[in-house]
2 protein chains.
Amino acid sequence: VVGERRFTAGLARFFGTDATVLVGIGDDAAVVRAPRRPIVLTCDPVVVGVHCTAATPARAVGAKAVLRNLSDLAAMGALPDWLLVAVLLPQGTPAAWRRGLFAGIRAASRRHGCRVVGGDVGVTPGPANVVVTAVGHLPGRALRRDAAVVGDAIHVTGALGGSILGRHLRFQPRLAEGQHLAAQRATGAVMDISDGLLLDLATMLAASSTRAGVRLGAELDAAAIPIHPAARGLATTSRRTALQHAMADGEDYELLFTWRGRRPPTGLGAVARRPIGRVVATPGLWLRDAEGHRRRLRPEGYEHDL
Amino acid sequence: VVGERRFTAGLARFFGTDATVLVGIGDDAAVVRAPRRPIVLTCDPVVVGVHCTAATPARAVGAKAVLRNLSDLAAMGALPDWLLVAVLLPQGTPAAWRRGLFAGIRAASRRHGCRVVGGDVGVTPGPANVVVTAVGHLPGRALRRDAAVVGDAIHVTGALGGSILGRHLRFQPRLAEGQHLAAQRATGAVMDISDGLLLDLATMLAASSTRAGVRLGAELDAAAIPIHPAARGLATTSRRTALQHAMADGEDYELLFTWRGRRPPTGLGAVARRPIGRVVATPGLWLRDAEGHRRRLRPEGYEHDL
């Protein structure tokens, strides 16, 4: 057992400081040098028992709490500058677990060029949970999820499905890809895939429909959807096909984007180059199979019931 | 039961928008117009069962989640601009409770001139908890807690103790007082009292000792410590005196500050005008009673054991 105060004092040294941090960990709030450009703000939780299990190593819990938020910044075309971490731990959490959690937070933030400048550590009668707030800046334009229009090609930055086998804990937030997309005129709507391709695509279409004042749909090409080997692995023991896993599993943390160039997108690798479908004027999600048959899809994926 | 997506879409309308919000609720992250001055960042949780009880009305839980963070901004001399709210609710939380929570968040943010621009709503196997991140700006200088020096007078902005009787849920974050202090050259160290006068004063002295490279203490004047009527009320049934409640209860959310002017501080009311003690070169906290006897105090208050 260690007092909150002594622990917090240690965190200031642990996370360090730099010239952008005018007042860091240990005061009532952090003060940082604001950039001239707009700032980008996001916060997502990681709750043990929801976003990972009690068996997930503490380092991985900490890393995921950071990476989820960096994926959101990536999907806006932003780069991360500063993090706040609100950590709630059950009484009696082993010191080694707590240290592992903060080590995971620090490692993930260092790897991606940002720094923890504040937050809070407290106790909870529930399971451990970590809420990271990420603050970033926009080197270029903001990438919005409501910017899809009819005729746009639909792309993803990587293979999908089966992330539960481990990828949901250790993924690369697509910060470089977001930067690349923000610099291209042909880029339409962009978001990250956290709840599954179909559900997130439906969200993108709904947002874009509202913005454009028309009802949009999407037609996907079954043969073009990139299936992760983990999805194929899962399919051998589940009642679903590998394609179903790729379309609905979620926590892929790849970017989903639309594209309206004559030429396919370059500089994002082979998977991102090939369109997986197209935005259409017929509402709904549609799948075209190898024989050219078209069937309607239910937008399924991961959604909390509130 | 309502889907997460439909609920989030409703929140965008509920919290509204303004000219500083370039991309608001509903995208991967919020984009806001950064001020030219440094930005101030803080996040503190409210956990049902820790910071309030299961019987606390939902509106009060939401309000407290906002107000705690605004109190931290006030203590930095900052004013609030934007909030993110990460809400975790047990499955099956009644819709009325959820609505009350968000109504409380909105009412508190409107009252103090800031706006919710993003966040996340999810489920937890534990009790409800809300982490608010507040982002603000500094109209003047930053008020630090490590700026106390020997000879400073010690002041508080209001009467202390007994906040558990209700004040811990409905308090005024001392934003105007923070602004006033930031504009005065005589202001030394400033922080808000969340864990109790003695514990927070010890924290202020420890931070200031580190900064100055000398070990500081404080001598308090028993007769000058402003005791809230609620502390007197508690003392009639507890084993502690009203003064003990005032010194150790916590969650007062008043500002604790040091002052090095020849004249006492004006413009903050009668309570803030009268010094409650002085920073001394003798380490430790000391209490001088009406007879002039001096005894050492234990820095007690509210501290999580981690």
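Note: hydrogens, waters and symmetry copies are ignored here, and every other heavy atom, side chains too, is used.
In this structure, A:Thr42 contributes its side chain and B:Ala30 its backbone to no donor-acceptor pair below 3.5 Å. A side-chain donor-acceptor contact under 3.5 Å links A:Arg145 to the backbone of B:Gly26. With hydrogens and angles disregarded, no donor-acceptor distance shorter than 3.5 Å links the side chain of B:Arg36 to the backbone of A:Pro35.
For chain B, the nearby part of A:Val190 is the backbone; its heavy atoms alone come within less than 4.5 Å. Only the backbone of A:Leu143 comes within less than 4.5 Å of a heavy atom of chain B; no side-chain atom from C-beta onward does. For B:Val32, the parts lying under 4.5 angstrom from a heavy atom of chain A are both the backbone and the side chain. Both the backbone and the side chain of A:Val31 come within less than 4.5 Å of a heavy atom of chain B. In this structure, chain A has a heavy atom under 4.5 Å from the side chain of B:Leu88, while its backbone stays farther away. Heavy-atom distances place both the backbone and the side chain of B:Ala75 under 4.5 Å from chain A. Of the atoms belonging to A:Ala142, it is side-chain heavy atoms, and not backbone ones, that fall under 4.5 Å from chain B.
For the pair B:Cys43 and A:Asp120, the minimum side-chain heavy-atom distance is 4.5 Å or more. Side-chain contact between B:Val117 and A:Leu41: present, with at least one pair of heavy atoms (C-beta onward) separated by less than 4.5 Å. Here the side chains of A:Pro127 and B:Thr124 are in contact, with some heavy-atom distance below 4.5 Å.
With rounding to the nearest 0.5 angstrom, the CZ atom of B:Arg37 is 13.0 Å from the CG atom of A:Leu22. Considering CE of B:Met204 and CG of A:Asp27, their distance stands at 9.0 Å, rounded to 0.5 Å.
The side chain to side chain contact (heavy atoms under 4.5 Å, CB included) test with B:Val131 singles out one residue from A:Val87, A:Val132, A:Val131, and that residue is A:Val131. Partner of A:Pro125 under the side chain to side chain contact (heavy atoms under 4.5 Å, CB included) criterion, out of B:Asn129, B:Val50, B:Val48: B:Val50 alone.
By number of non-hydrogen pairs under 4.5 angstrom with chain A, the leading residue of B:Val85, B:Asp146, B:Val40 is B:Val40. Contact tally against chain A (heavy-atom pairs below 4.5 Å) for B:Pro45, B:Gly118, B:Ala74: the top residue is B:Pro45.
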